[in-house]
Amino acid sequence: MPLLEQVLGQFPQDVKVVFKNFPLRNHPLAMPAATAALAAHQQGQFWAMHDRLFANYQGLSEAMIGETARQLGLDMERFQKDRQDPKIAAAIRQDMEDALKARVRGTPAVYVNGRFLKDRSPEGLAAAVEAARSKR
């Protein structure tokens with residue numbers, strides 16, 4: 001089970017996940033993948049698209065992005081149109097600006113209440129959440 005899902009399961013009333021895009025500039029298909037995930041979000045499939053693309057980032061291609069969208073049952077015409085939507089591009093740019101302000105240098109980056117989490121093990125994340133809960 002992925003780390004965030006474990007912690008969400010442990011603290012369902014106390015943890016909220018906020019996702020920000022930060023496509024790495026040195027990965028030529030990072031931006032198309034981010035755009036694809038947000039286009040899939042328009043059809044309720046953000047996490048499914050995100051997780052599949054992120055898990056297979058080394059084999060990422062336009063063909064693989066399209067095949068993943070088809071496997072998820074997306075309306076392909078709408079998906080392709082949404083990938084070109086300037087609002088999606090603007091959202092990604094804003095996420096990147098936010099990440100740079102937060103000094104994000106790579107992905108994934110995890111923060112708990114605005115503090116960068118160095119120990120991304122289940123125990124490290126749970127400890128950070130517990131510490132944040134105790135400060136309330």
Side-chain angles (χ1 to χ4, degrees):
M1 175 181 289
L3 178 61
L4 294 178
E5 287 179 24
Q6 286 178 2
V7 173
L8 283 169
Q10 264 184 284
F11 306 101
Q13 303 301 315
D14 299 309
V15 173
K16 174 183 174 187
V17 173
V18 176
F19 179 88
K20 298 281 189 172
N21 289 284
F22 191 65
L24 300 176
R25 295 171 198 233
N26 63 344
H27 192 303
L29 287 165
M31 184 63 81
T35 303
L38 290 183
H41 176 65
Q42 300 302 315
Q43 298 182 50
Q45 295 288 337
F46 172 80
W47 284 112
M49 178 65 83
H50 168 277
D51 291 350
R52 289 182 187 195
L53 297 180
F54 200 88
N56 297 301
Y57 73 93
Q58 291 179 324
L60 205 54
S61 68
E62 280 296 333
M64 189 267 253
I65 291 170
E67 181 56 31
T68 302
R70 279 187 281 287
Q71 289 172 358
L72 293 174
L74 299 182
D75 173 333
M76 293 304 292
E77 186 175 326
R78 180 177 173 198
F79 175 71
Q80 294 300 350
K81 182 179 176 223
D82 287 342
R83 285 185 74 191
Q84 304 304 315
D85 187 340
K87 290 178 187 174
I88 286 179
I92 294 170
R93 277 193 307 278
Q94 183 62 58
D95 284 353
M96 292 175 72
E97 287 176 23
D98 293 345
L100 291 172
K101 286 177 189 171
R103 298 186 181 144
V104 171
R105 302 215 191 304
T107 61
V110 178
Y111 289 76
V112 175
N113 283 3
R115 297 184 63 144
F116 181 71
L117 182 68
K118 292 179 185 174
D119 179 0
R120 292 189 320 218
S121 70
E123 299 79 18
L125 183 52
V129 171
E130 284 289 0
R133 289 176 73 214
S134 70
K135 290 181 182 177
R136 288 197 264 163

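Nearest heavy-atom pair, Ala91 versus Leu38, reported as atom, atom and distance to 0.1 Å: CB-CD1, 4.4 Å. Across Met49 and Ala37, no two heavy atoms sit closer than the pair CG-CA, 3.7 Å. Here the shortest heavy-atom pairing between Met76 and Ala69 reads SD-CB, 3.7 Å. A pairwise comparison of heavy atoms in Pro32 and Glu62 identifies CB-OE2, 3.4 Å as the closest pair. The heavy-atom pair separating Val112 from Ala132 by the smallest distance is CG1-CB, 4.1 Å. Leu53 approaches Ala36 most closely through the heavy-atom pair CD1-CB, 4.1 Å.
Taking Ile, Leu, Val, Met, Phe, Trp and Tyr as members and joining any whose side-chain heavy atoms lie under 4.5 Å apart, directly or through other members, Phe54 forms no hydrophobic cluster with any other residue.
Side-chain atoms of Arg78 come within 3.5 Å of backbone atoms of Gln42 as a donor-acceptor pair (strictly under, hydrogens ignored).
The structure places CG of Asp51 at 11.5 Å from OG1 of Thr68, a figure rounded to the nearest 0.5 Å. Taken from CD in Glu123 to CD in Glu130, the straight-line distance is 13.0 Å, to the nearest 0.5 Å. For the atom pair CD of Gln80 and CG of Asp75, the computed distance is 10.5 Å after rounding to the nearest 0.5 Å. One distance of note links CG of Leu72 with CD of Glu67; it measures 10.0 Å at 0.5 Å rounding. Atom NZ of residue Lys87 and atom CG of residue Asp82 lie 10.5 Å apart, to the nearest 0.5 angstrom.
The side-chain contact (heavy atoms from CB on, under 4.5 Å) search around Asp119 returns Ser121, not counting sequence neighbours.
Sorted by first and then second residue, the pairs that involve residues 12-42 and meet ring pair (Phe, Tyr, Trp, His ring centres under 6.0 Å), not counting sequence neighbours, are Phe19-Phe46, Phe19-Trp47, Phe19-His50. Residue pairs that meet the ring pair (Phe, Tyr, Trp, His ring centres under 6.0 Å) test with at least one member in residues 113-136, sequence neighbours left out, are Tyr111-Phe116. Listed by first and then second residue, the ring pair (Phe, Tyr, Trp, His ring centres under 6.0 Å) pairs involving residues 117-136 amount to none (not counting sequence neighbours).
Leu74 and Leu60 fall within a single hydrophobic cluster, where Ile, Leu, Val, Met, Phe, Trp and Tyr are joined by side-chain heavy atoms under 4.5 Å apart, directly or via other members. When the side chains of ILVMFWY residues are joined at heavy-atom separations under 4.5 Å, either directly or via intervening members, Val104 and Leu100 end up in a single hydrophobic cluster. The cluster map of Ile, Leu, Val, Met, Phe, Trp and Tyr, joined by side-chain heavy atoms under 4.5 Å apart, puts Leu29 and Phe79 in the same cluster.
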> Is there a side chain to side chain contact (heavy atoms under 4.5 Å, CB included) between Asp85 and Lys81 once you walk through the steps?
Replying inline: CA-CA 7 Å; Asp85 187 340; Lys81 182 179 176 223; over 6 Å; no
>> Please evaluate residues Lys135 and Asn113 with respect to the criterion side chain to side chain contact (heavy atoms under 4.5 Å, CB included), reporting the C-alpha separation (whole Å), side-chain torsions for both, the decisive distance (0.1 Å), and the verdict.
In response: CA-CA 11 Å; Lys135 290 181 182 177; Asn113 283 3; over 6 Å; no
Ignoring hydrogens and angles, write down the donor-acceptor pairs under 3.5 Å from the side chains of residues 8-18, residues two or more places apart or on other chains.
residue : atom : partner : partner atom : Å
Asp14   : OD1  : Arg136  : NH2          : 2.5
Asp14   : OD2  : Arg133  : NE           : 2.8
Asp14   : OD2  : Arg133  : NH2          : 3.3

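With a 6.0 Å radius and a threshold of 12 heavy atoms from other residues, nucleotides or ligands, Arg70 has its CZ atom above the threshold.
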